[in-house]
Amino acid sequence: MAAECARDWYGENLPARGAWRVSGLPIDPARITVPALVAVPRRDRIVPPDSTRALAASLPGRGCVPWSETSRTLAAIDVYLSDAVQSRK
């Protein structure tokens with residue numbers, strides 16, 4: 001799995017090209033219907049922040065909170081998850 005992720009996600013950038021598949025089925029982030037959390041790093045040699053932001057922008061809701069604001073980030077996650085749980089009741 002790790003080799004597949006390194007090759008397909010980072011080397012070939014299949015998610016950004018709309019060519020990511022799992023068990024032969026296409027994965028389209030815009031069609032995700034469950035809550036999702038995208039952690040955007042400040043610095044990362046493998047996954048640059050702009051790549052992560054592109055994934056976050058393709059998700060429904062498109063919420064993005066910088067990790068540098070840890071306490072506010074955790075509060076935002078708490079609110080987001082609480083709202084998500086409430087909307088499913």
Side-chain angles (χ1 to χ4, degrees):
M1 180 66 172
E4 180 181 330
C5 288
R7 180 190 67 238
D8 293 349
W9 294 0
Y10 309 128
E12 300 295 324
N13 202 11
L14 296 183
R17 295 184 315 151
W20 180 22
R21 293 184 171 274
V22 174
S23 297
L25 300 172
I27 303 300
D28 179 1
R31 296 185 66 199
I32 292 176
T33 59
V34 296
L37 172 67
V38 177
V40 179
R42 264 189 275 168
R43 293 180 303 271
D44 193 315
R45 293 178 308 136
I46 298 172
V47 183
D50 286 343
S51 294
T52 310
R53 285 186 193 100
L55 172 61
S58 69
L59 293 169
R62 296 171 176 83
C64 188
V65 178
W67 279 109
S68 58
E69 301 173 21
T70 307
S71 62
R72 290 195 318 186
T73 300
L74 293 176
I77 292 169
D78 183 49
V79 168
Y80 176 80
L81 293 176
S82 295
D83 289 348
V85 168
Q86 290 301 320
S87 70
R88 296 199 180 273
K89 288 184 176 183

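Nothing fancy with the numbering, it's 1 onward along the sequence. Note that this is a predicted model, so its numbers are computed, not measured.
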With sequence neighbours left out, which residue pairs that include part of residues 28-55 fulfil the ring pair (Phe, Tyr, Trp, His ring centres under 6.0 Å) condition?
-> none

Atom CZ of Arg31 and atom CG of Leu59: how far apart are they, to the nearest 0.5 Å?
-> 14.0 Å

Show me the donor-acceptor pairs within less than 3.5 Å that the side chains of residues 16-30 make with the rest of the protein, sequence neighbours left out.
{"residue": "Arg17", "atom": "NE", "partner": "Glu12", "partner atom": "O", "Å": "3.1"}
{"residue": "Arg21", "atom": "NH1", "partner": "Gly24", "partner atom": "O", "Å": "2.7"}
{"residue": "Asp28", "atom": "OD1", "partner": "Ala30", "partner atom": "N", "Å": "3.1"}

